[in-house]
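Everything numeric here is computed off the predicted structure, so don't read it as measured data. By convention in this document, chain letters (A, B, ...) are assigned in the order of the sequence lines, proteins followed by strands, and residues within each chain are numbered from 1.
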There are 2 protein chains.
Amino acid sequence: MKGIEKLFEQFLRTRGLRLTKQREAILKAIYATHDHISADDLYDELMDDEGWSALKISRATVYRTLSLLTDGGFIQSLDIGGGQGQLYEHVLGHEHHDHMVCLVCRQIFEFHDEGLEDLQAKIVKKHGFKASSHRLNVFGTCAKCQVKGESSAAMQG
Amino acid sequence: MKGIEKLFEQFLRTRGLRLTKQREAILKAIYATHDHISADDLYDELMDDEGWSALKISRATVYRTLSLLTDGGFIQSLDIGGGQGQLYEHVLGHEHHDHMVCLVCRQIFEFHDEGLEDLQAKIVKKHGFKASSHRLNVFGTCAKCQVKGESSAAMQG
DNA sequence: GTGGATGCAAAAAGTTTGCAGGCGT
DNA sequence: ACGCCTGCAAACTTTTTGCATCCAC
């Protein structure tokens, strides 16, 4: 965690950018949650967490910093549809994974399979494409909601 | 193509909805292109194609119909990032595939691999998740842009 | 004729940008 | 002190919605 701040500072330095309190707070906040969070929710969280202090953070700065963090590879965004815009998650200390999105409860589950990654890489390469990243989102119903679904279906007849 | 219109009509009927000229035109337009198109571009295209006729179509109707078509499984949307909103593509007569997005030229390439589909399905099921659909987007550099990249890199260095 | 569908324009939601002043280096 | 960074508010983009009118059935 401290290491990440160091890395961020280095990243900024190499770009001739400055480490400000706002940027630090945003980095911390997004690394403090292990959820997939929207820019707006992150802003709200920062308002709560930082409310007691004199530190003020505007939405604009949140967006600007999020973009910066994405460039630096500290976070990545995903869009799970439903028109709520981008969700962000931190990358460091949280290796690559794919997502299963439950369409009933909107919860997001992560999974990872090395064999799948290898096969994907092989196929893409076969097409002459040089992959730098990928995003696999599976939509459906999670185990919990499948059970709930059955019981409510039974109630309906 | 005629068959698709029939299917759409049936779909509307089962929902107690009506087949209007606007809906027909939008369906045709999205099945006429084999590209991934945004709502706005589709709107523009409709304005051109239908400009000579008396048929008027508003953006609102485009969005409403796109949503209807997605519900009916006639089209599907994807978001390739870059904040240009959703892109749509037709589904019928155009079986499931994944996407490779070239970050240089922004072109989208489609591919499909049965083995990959099977493996994905197996893994997801293993997690107790019931998948209804999935979206795999691979980001990177297409073959053409790799070549271009090399030559421009050579120029710079 | 009736109720769903449309166009228009305003509203929403998410994100970006211009500018004057603040602050990290 | 320099000039990057920030907050603010306005602008922008994409999509949704309210309402009076229109038209498919």
Problem - Arg135(B) and Asp79(B) ion-paired at < 4.0 Å - result: no
Taken in chain and number order and not counting sequence neighbours, the residues that satisfy side-chain hydrogen bond (donor to acceptor under 3.5 Å, both in side chains) with Glu114(B) are His112(B)
With sequence neighbours left out, the residues meeting side-chain hydrogen bond (donor to acceptor under 3.5 Å, both in side chains) with Glu9(A) are Arg13(A)
Between the side chain of Thr65(B) and the main-chain N/O of Ile26(B), is any donor-acceptor distance below 3.5 Å? no
Without decimals, in angstroms, what is the distance between [X] [atom1] and [N] [atom2]?
| X | N | atom1 | atom2 | value |
| --- | --- | --- | --- | --- |
| Ile37(B) | dT15(D) | CD1 | P | 13 Å |
| Leu66(A) | dT6(D) | CG | P | 13 Å |
| Ile26(B) | dT6(C) | CD1 | C1' | 10 Å |
| Phe8(B) | dA5(C) | CZ | C1' | 12 Å |
| Asp41(A) | dA13(C) | CG | P | 13 Å |
| Ile57(B) | dA5(C) | CD1 | C1' | 13 Å |
| Arg15(A) | dC5(D) | CZ | C1' | 15 Å |
| Asp44(B) | dT14(D) | CG | C1' | 13 Å |

Would Phe11(B) and Phe74(B) count as a ring pair (Phe, Tyr, Trp, His ring centres under 6.0 Å) if you check the C-alpha gap in whole Å, the side-chain angles of each, and the deciding distance to 0.1 Å? CA-CA 10 Å; Phe11(B) 167 73; Phe74(B) 294 91; 5.6 Å; yes
Review item, nucleotides 14-19 of chain C N/O atoms under 3.5 Å of protein N/O:
| from | atom 1 | to | atom 2 | distance (Å) |
| --- | --- | --- | --- | --- |
| dT15(C) | OP1 | Gln86(A) | N | 3.3 |
| dT15(C) | OP2 | Tyr63(A) | OH | 2.8 |

Scanning both residues in full, the closest heavy-atom pair of His90(B) with Thr33(B) reads CE1-O, 3.1 Å
Shortest non-hydrogen pair, Ser77(A) vs Tyr88(A), comes out as CB-CE2, 3.6 Å
Exercise. Do any side-chain nitrogens or oxygens of Ser58(A) fall under 4.0 Å of OP1 or OP2 in dC8(D)?
Worked result: no
Using a cut-off of less than 4.0 Å, is there contact between a side-chain N or O of Arg23(B) and OP1 or OP2 of dT6(C)? yes
Residues joined to Tyr63(A) in its hydrophobic cluster, side chain to side chain under 4.5 Å directly or through other members, sorted by chain and number, are none
Joining Ile, Leu, Val, Met, Phe, Trp and Tyr whenever any side-chain heavy atoms lie under 4.5 Å apart, the cluster holding Leu119(A) also takes in Met100(A), Phe109(A), Phe111(A), Leu116(A), Ile123(A), Val124(A), Phe129(A), Leu136(A), Val138(A), Met100(B), Phe109(B), Phe111(B), Leu116(B), Leu119(B), Ile123(B), Val124(B), Phe129(B), Leu136(B), Val138(B)
Would you tabulate the pairs of protein nitrogen or oxygen atoms and nucleotide nitrogen or oxygen atoms of nucleotides 23-25 of chain C closer than 3.5 angstrom?
| from | atom 1 | to | atom 2 | distance (Å) |
| --- | --- | --- | --- | --- |
| dG24(C) | N2 | Arg18(A) | NH1 | 3.4 |
| dG24(C) | N2 | Arg18(A) | NH2 | 2.8 |

